[in-house]
Amino acid sequence: MNLIAGHWTPALSGETFARRNPADPDDVIGEFPQSGRADVAAAVDAVAEGAGAWAAAPADERARVLVRAAELLEVRRAELTAELVREEGKTPAEAAVETSRTPLNLRFYAAEAHRIGGETYQADSTLVYTWREPVGVVGAITPWNFPLNIPSRKLGPALAAGNGVVFKPSPVTPLTAQRLVEALLAAGVPPGALALVHGGAEPGAALAEDPRVGAVTFTGSTAAGRDIHRKVGPERRAQLEMGGKNPVVVLPDADLGRAARLIVKGAFGLSGQACTGTSRVIAPPEAHDALLERVVKLAQEHEMGPLAADFQLRKTLEYVRVGQEEGARLVSGGQRRDGRGFFVTPAIFAEVTPGMRLAREEIFGPVLAFQRAADFDEAIALANGTDYGLAAGIVTHDVRRALEFARRSRSGLVKVNQPTTGMAMNAPFGGIEQPFKEQAGPALMHFYTHQKTVYLSE
């Protein structure tokens with residue numbers, strides 16, 4: 001159900017959509033509202049009218065509510081983990097990581113509610129000082145691959161800053177998103193400060209276009225993010241975290257066993273459905289073949305859940321076909337594993353050249369491309385040779401080379417001897433040239449607040 005003005009309600013049109021278990025599509029998880037523009041307008045109406053009391057609440061109260069929501073999620077961790085496995089397709093271990101991380105996010109942002117402050121300046125006999133105020137209504141549009149973790153990184157700071165939020169989750173994971181909202185309401189977020197609107201692209205577009213929404217935070221595909229950025233326009237603010245084509249460069253001095261382990265984790269963890277997932281491996285001739293052999297062996301042993309939806313399965317299999325047509329060599333995997341669920345074996349390609357689609361386009365599935373580099377400079381050129389700039393990694397014992405790679409890499413996140421996936425909750429996160437990259441601490445809270453400067457004389 002949608003949540004509007006404190007009431008759980010169907011879409012105004014009465015239309016619904018079904019969400020099914022990706023491991024067993026005959027298992028219907030539930031029916032959810034297929035919302036339209038009128039539903040979004042009603043949600044924004046309610047939050048614009050009702051968020052004032054939340055904005056006026058002391059920081060202590062806002063923090064207590066977020067901490068209480070974290071406690072409620074922790075109590076339900078086992079249940080939420082099972083639902084996440086069933087709805088999104090994560091393995092139990094992967095789902096448990098997310099249901100553990102989400103309460104930590106809310107606790108972190110609860111603390112940030114106390115840190116929203118200002119500055120003072122000397123200006124002759126005038127006292128000049130600043131403070132920060134909530135932007136008002138925040139639109140949060142989130143993806144399906146981390147349906148608890150990512151929304152908590154958006155709703156948490158937005159609510160900590162005193163904003164009202166209209167939340168539009170992915171239609172792939174509506175139940176998990178609803179569980180987060182239930183916890184926030186039960187913890188004490190006023191009904192007028194939070195709305196939930198289910199559905200596909202139409203309510204997301206309507207939310208981005210509504211001039212009463214002062215800030216829109218989005219995580220998802222590059223195409224959708226660019227469209228949202230256009231709709232928000234220059235007079236409001238947008239925070240976008242979009243796609244990646246993330247490389248790992250392996251230098252000749254690297255421990256190849258270690259490199260293979262972190263590559264497999266980055267490429268095939270979460271079934272390859274992570275924006276920072278490893279998509280390309282770039283290695284010199286003296287390490288390439290031995291590394292490829294190790295990665296193939298580990299990938300064949302790796303436990304991987306189903307892809308999240310039929311469209312993900314079809315897209316992945318299409319890229320396997322395209323890769324072979326373009327001349328890349330399919331070394332392992334790339335076949336559908338189960339006739340009922342959306343399972344596919346991890347696909348590994350070799351002899352991938354820069355002009356191939358496998359080297360240039362985001363797949364967002366378990367497909368890994370190996371590329372050869374003659375030397376360090378060519379490896380960097382290949383790593384930087386796409387339109388994406390989210391994450392990159394390097395495996396080496398040479399600290400000087402690692403630091404040079406970090407300096408020359410055209411990516412917002414650089415990992416040295418680590419998987420490209422995973423990040424600290426108190427560190428900046430986002431790609432090169434993406435508007436308002438997600439950050440932590442005061443920098444993140446600045447996105448959800450306006451700064452006001454006051455000049456005071458007697």
Side-chain angles (χ1 to χ4, degrees), residues 2-7 40-70 72 105-119 129-142 151-168 180-197 207-218 232 235-239 436 438-454 456:
N2 290 338
L3 175 73
I4 298 176
H7 302 289
V40 172
V44 176
D45 285 344
V47 173
E49 180 180 348
W54 178 248
D60 282 348
E61 180 179 340
R62 298 198 299 270
R64 281 195 298 271
V65 168
L66 291 178
V67 169
R68 177 58 179 155
L72 293 173
N105 288 339
L106 294 180
R107 292 179 189 277
F108 179 85
Y109 296 119
E112 290 302 315
H114 296 285
R115 298 192 180 103
I116 302 172
E119 299 172 318
Y129 65 96
T130 65
W131 74 59
R132 306 200 72 89
E133 298 176 339
V135 299
V137 179
V138 170
I141 304 171
T142 63
S152 70
R153 295 203 322 250
K154 297 181 184 297
L155 275 63
L159 292 168
N163 295 286
V165 180
V166 179
F167 175 28
K168 209 299 286 184
L180 177 61
V181 170
E182 290 169 354
L184 289 166
L185 287 178
V189 174
L194 181 61
L196 171 68
V197 180
L207 187 57
E209 291 171 350
D210 196 311
R212 297 170 296 172
V213 178
V216 176
T217 176
F218 166 85
V232 172
E235 296 180 352
R236 296 179 290 137
R237 57 183 64 186
Q239 179 191 68
F436 278 106
E438 290 192 4
Q439 302 183 55
L444 177 63
M445 303 307 290
H446 289 177
F447 174 76
Y448 294 105
T449 56
H450 292 299
Q451 186 179 58
K452 180 176 288 184
T453 304
V454 179
L456 177 63

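Just so you know, these numbers come straight off a predicted model, no measurement behind them.
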Trainee: Between Arg62 and Val189, is the side chain to side chain contact (heavy atoms under 4.5 Å, CB included) condition met? List the steps.
Mentor: CA-CA 8 Å; Arg62 298 198 299 270; Val189 174; over 6 Å; no
Trainee: Could you tell me the separation between the CZ atom of Arg132 and the NZ atom of Lys452, rounded to the nearest 0.5 Å?
Mentor: 12.0 Å
Trainee: Testing the basics here: between Pro151 and Thr142, what is the closest heavy-atom pair and its distance to 0.1 Å?
Mentor: CG-OG1, 3.8 Å
Trainee: Could you grab the distance from atom CZ of Arg237 to atom NE2 of His446, nearest 0.5 Å is fine?
Mentor: 10.0 Å
Trainee: Work out which heavy atom in Ala183 is nearest to a heavy atom in Leu72; give both atom names and the distance.
Mentor: O-CD1, 3.6 Å
Trainee: Flag the pair Arg64 and Glu61 as a salt bridge only when some basic side-chain nitrogen lies within less than 4.0 angstrom of an acidic carboxylate oxygen.
Mentor: no
Trainee: Look up atom CG in Leu444 and atom CZ in Arg153, then write down how far apart they are to the nearest 0.5 Å.
Mentor: 9.5 Å
Trainee: For the CG atom of Leu180 and the CG atom of Leu185, what is their distance to the nearest 0.5 Å?
Mentor: 9.5 Å
Trainee: Please indicate whether Glu49 has more than 12 foreign heavy atoms, meaning atoms of other residues, nucleotides or ligands, lying under 6.0 Å from its CD.
Mentor: no
Trainee: Okay, side chain of Arg236, backbone of Val216: is any donor-acceptor separation there less than 3.5 Å?
Mentor: no
Trainee: Do you see a donor-acceptor pair shorter than 3.5 Å between the side chains of His7 and Asn2?
Mentor: no
Trainee: Any idea which heavy atoms bring Leu106 and Gly156 closest together, and the distance?
Mentor: CD2-CA, 4.0 Å
Trainee: Given 3.5 Å as the limit, does a donor-acceptor pair link the side chain of Arg68 with the main chain of Ala186, or not?
Mentor: no
Trainee: If you compare all heavy atoms of Met445 against all heavy atoms of Ala160, which two are closest, and at what distance to 0.1 Å?
Mentor: CE-CB, 4.0 Å
Trainee: Using only atom types and a distance under 3.5 Å, with no angle test, would you say the side chain of Arg107 pairs donor to acceptor with the backbone of Val67?
Mentor: no
Trainee: With a 4.5 Å heavy-atom cut-off, do Tyr109 and Leu159 have their side chains touching?
Mentor: no
Trainee: To check you understand the geometry: which heavy-atom pair defines the closest contact between Ala140 and Val165, and what is its length?
Mentor: CB-CG1, 4.2 Å
Trainee: Are the side chain of Arg212 and the backbone N or O of Val47 linked by a donor-acceptor pair below 3.5 Å?
Mentor: no
Trainee: Short question: side chain of Trp54, backbone of Gly164 - any donor-acceptor pair under 3.5 Å?
Mentor: no
Trainee: For a 4.5 angstrom cut-off between non-hydrogen side-chain atoms, does Lys154 reach Phe167?
Mentor: no
Trainee: Taking Thr130 for the side chain and Glu119 for the main chain, is one N or O donor matched with an acceptor at less than 3.5 Å?
Mentor: yes
Trainee: Can you give me the closest heavy-atom contact between Ala55 and Pro134, atom names plus distance?
Mentor: CB-CG, 4.0 Å
Trainee: Decide yes or no on side chain to side chain contact (heavy atoms under 4.5 Å, CB included) for Leu184 and Leu155, but give the supporting numbers first.
Mentor: CA-CA 9 Å; Leu184 289 166; Leu155 275 63; 3.7 Å; yes
Trainee: In Å and rounded to the nearest 0.5 Å, what is the CG to CZ distance from Asn163 to Phe447?
Mentor: 9.5 Å
Trainee: CG of Leu207 to NZ of Lys168: how many Å apart, nearest 0.5 Å?
Mentor: 9.0 Å
